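Below is one structure, written out as structure tokens; the observations come after it.
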Protein chains: 2
Amino acid sequence: MVGQIPQPGREPERPPSRRERARAATIEEIKQTAMGLMREQGTTDFRFSDIARLMGMTAPALYRYFADRDELLTALIVDAYDDLGDAVAEARDQIPVDDPGGRFAAVAQSYRRWAREEPQRFALILGLPVPGYHAPEEGPTSEAAKRAMAQLKSLFYEAIQAGVLRRPMLTDDDGSITRMLAEHHKVKDTPIDGPPVPPETFQAMLHCWASMHGFTSLEAYGHLDWLPDEVRDAVFESSIRLVARVAGLPEPGGLPRLSDD
Amino acid sequence: MVGQIPQPGREPERPPSRRERARAATIEEIKQTAMGLMREQGTTDFRFSDIARLMGMTAPALYRYFADRDELLTALIVDAYDDLGDAVAEARDQIPVDDPGGRFAAVAQSYRRWAREEPQRFALILGLPVPGYHAPEEGPTSEAAKRAMAQLKSLFYEAIQAGVLRRPMLTDDDGSITRMLAEHHKVKDTPIDGPPVPPETFQAMLHCWASMHGFTSLEAYGHLDWLPDEVRDAVFESSIRLVARVAGLPEPGGLPRLSDD
DNA sequence: TTAGAACTGTTACTCGACATAACAAACACG
DNA sequence: CGTGTTTGTTATGTCGAGTAACAGTTCTAA
């Protein structure tokens, strides 16, 4: 971040000053305006000059807050990570822990809902890197992916703990997953790390995620527009139930409907 | 296309003249150069000036062949549609018709292979619309999607004809798909049109496609880089076998391995 | 209270890319 | 061989990113 107000200590004992609040508000407004433009134009692109115009400023003023387009883009990507993660976690946690099938369904539905509502931000984090953007060193590239997987993993882990996870309909045919999980200490900071799950379950998690992501991204990018809404809803819900079943999750208790937007 | 040589009749009786061949070759070189730049930079973006420089020309010369960036982009998109479709069809047709499970596996593997080899072109047709690009009127937006579905559908139709399609593990819970297929005449030029399939099978086709697309796009965009190659291969193949099974397709006969690239 | 520093905005400017205009050379074809 | 078409060039206009120099405002501390 550019021109950031230096932190006095490690934690700011003082509440944010008037200036700091104004600055934070401006930063937030810039990001919101950029997201509005993205939404309006249906792409992950935006012009600094447009943001400035909409905010009643001149373009160079924005450089007081973001060094360049990349830095703003990075901020938007980080926010998108957090928002998607929060949305999914919140949906999941509204279902009791003893209903892992329901929790998975909630995760899938909120994933889909978020992507439908914010296709551009979805593309930002789970699509091809945007033109001109180069991730900062060791940046959060594919961070969302790992985080999403980790969330999914915790869900399956709960099911194992509760003893309600049946054997998935997938097998580790060539033993490569078993081997990988056995040496998981080599791959830190990924879903491979963390609480242990059987190889078939790891495979099942990936299968669940890939299935829900496939439908979700096709739909978010408009490639299923030829299908009536109610058919899309029905197919998605049915698919989710199916992958949950083949993954060994128990049937969901109460399945919240995905409301239209 | 700009400055196109007018067709004398409906079909050119005369073999293409020297000039026409030179022009076609230049157009092809422009597209190849653009794709090379996209691949090199890992994005769907390119600069006219870069293309010209690599071709030993000046930028304005390119406008003799494409009116603007959009027109070149459109051509690249159309080509990508065709290439993916051809790759998938070719892979499928190397498996005998009486092995629909094998044919589906071949389709899935070639889909994945193509996306891995050409992630930018994959994003071009199955990702979010490219910044700045506006599809021509009634353009081929999501054409690939419909075509892919149609191919998948023909595959299932063959299985039905051969009488080897079992009942899928999916059900048309609320009847919306049944209703849609009953009035399919309303939705021309989509996979809904064409040879009839039971609603559960339609659902199963979408499920198959979404599953393979989900894994494929996550991988193509680098979101599965934290997984070792052999694990990715194993998980994909296993998932494909699973979705084929739950879709009612018989076990594949000989499953061709996906060679490393 | 007030001087100075920090912050936040402005206008003026450079640079690079898309795109068009005007022109020149090469080519096809009567 | 001469004329019109094609394909390239250079010169130019426009627009957006990003920088420089400067001005007004706000915070802070003597």
Side-chain angles (χ1 to χ4, degrees), chain A residues 1-8 12 14-30 33-34 37-38 41 43-76 130-134, chain B residues 1-8 12 14-30 33-34 37-38 41 43-76 130-134:
Chain A
M1 208 71 69
V2 157
Q4 200 167 27
I5 290 165
Q7 309 275 31
R14 211 151 310 289
S17 72
R18 173 170 187 77
R19 253 194 192 162
E20 284 165 335
R21 276 183 286 121
R23 181 176 183 82
T26 306
I27 287 177
E28 190 55 33
E29 189 184 350
I30 293 173
T33 309
L37 282 168
M38 282 174 19
Q41 302 166 201
T43 72
T44 53
D45 207 14
F46 51 79
R47 280 187 282 272
F48 258 48
S49 42
D50 286 345
I51 298 175
R53 182 177 41 76
L54 288 175
M55 290 179 65
M57 302 170 69
T58 56
L62 297 179
Y63 292 87
R64 297 288 177 198
Y65 301 90
F66 296 96
D68 50 18
R69 282 180 83 261
D70 270 23
E71 202 173 275
L72 174 50
L73 216 34
T74 302
L76 291 175
V130 306
Y133 171 74
H134 291 101
Chain B
M1 206 71 69
V2 157
Q4 200 166 29
I5 291 163
Q7 308 276 34
R14 212 151 310 289
S17 74
R18 172 170 190 79
R19 256 193 187 160
E20 284 166 335
R21 274 183 287 122
R23 182 177 182 81
T26 305
I27 287 177
E28 191 54 34
E29 189 184 349
I30 293 173
T33 309
L37 283 168
M38 281 173 23
Q41 301 167 199
T43 71
T44 53
D45 207 14
F46 51 79
R47 281 186 281 273
F48 257 47
S49 41
D50 286 344
I51 298 175
R53 184 178 40 76
L54 289 175
M55 289 179 65
M57 302 169 69
T58 57
L62 297 178
Y63 291 86
R64 297 287 177 196
Y65 301 92
F66 296 95
D68 50 18
R69 281 180 84 262
D70 269 24
E71 202 172 275
L72 174 50
L73 215 35
T74 302
L76 291 175
V130 177
Y133 171 74
H134 291 101

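Per chain, numbering begins at 1; letters A, B, ... match sequence-line order. Just so you know, these numbers come straight off a predicted model, no measurement behind them.
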Listed partners of A:Phe48 passing ring pair (Phe, Tyr, Trp, His ring centres under 6.0 Å), at least two apart: A:Tyr63
To the nearest angstrom, how far is [X] atom [atom1] from [N] atom [atom2]?
| X | N | atom1 | atom2 | result |
| --- | --- | --- | --- | --- |
| B:Asp70 | C:dA19 | CG | P | 8 Å |
| B:Ile30 | D:dG8 | CD1 | P | 8 Å |
| A:Leu72 | D:dG16 | CG | C1' | 15 Å |
| A:Glu20 | D:dT26 | CD | C1' | 13 Å |
| B:Tyr63 | D:dT12 | OH | P | 18 Å |
| A:Leu62 | C:dC7 | CG | C1' | 16 Å |
| A:Leu37 | D:dA17 | CG | C1' | 16 Å |
| B:Asp45 | C:dG16 | CG | C1' | 14 Å |

Contact list for DNA chain C against residues 49-58 of chain A - heavy-atom distance below 4.0 Å: A:Met57, A:Thr58
[X], nearest nucleotide to its side chain (from [options]):
| X | options | result |
| --- | --- | --- |
| B:Phe48 | C:dC18, D:dT10, C:dT10 | C:dC18 |
| B:Arg64 | C:dA22, C:dT11, D:dC22 | C:dA22 |
| A:Arg69 | D:dA20, D:dA17, D:dA11 | D:dA17 |

Side chain A:Arg19 and base D:dC27 donor-acceptor under 3.5 Å: no
Measuring from [X]:[atom1] to [Y]:[atom2], what's the distance to the nearest 0.5 Å?
| X | Y | atom1 | atom2 | result |
| --- | --- | --- | --- | --- |
| B:Leu37 | B:Arg47 | CG | CZ | 8.5 Å |
| B:Leu62 | B:Ile27 | CG | CD1 | 11.0 Å |
| B:Asp70 | B:Thr74 | CG | OG1 | 6.0 Å |
| B:Ile30 | B:Phe66 | CD1 | CZ | 5.5 Å |

Within the structure, does a side-chain N or O atom of [X] lie under 4.0 Å from either OP1 or OP2 of [N]?
| X | N | value |
| --- | --- | --- |
| A:Arg47 | D:dG16 | yes |
| B:Tyr65 | D:dG8 | yes |
| A:Arg23 | C:dT8 | yes |

Side chains of B:Asp45 and B:Arg69 in contact at under 4.5 Å (non-hydrogen atoms): yes
Distance-minimising heavy-atom pair for B:Glu29 and B:Thr33: O-OG1, 2.6 Å
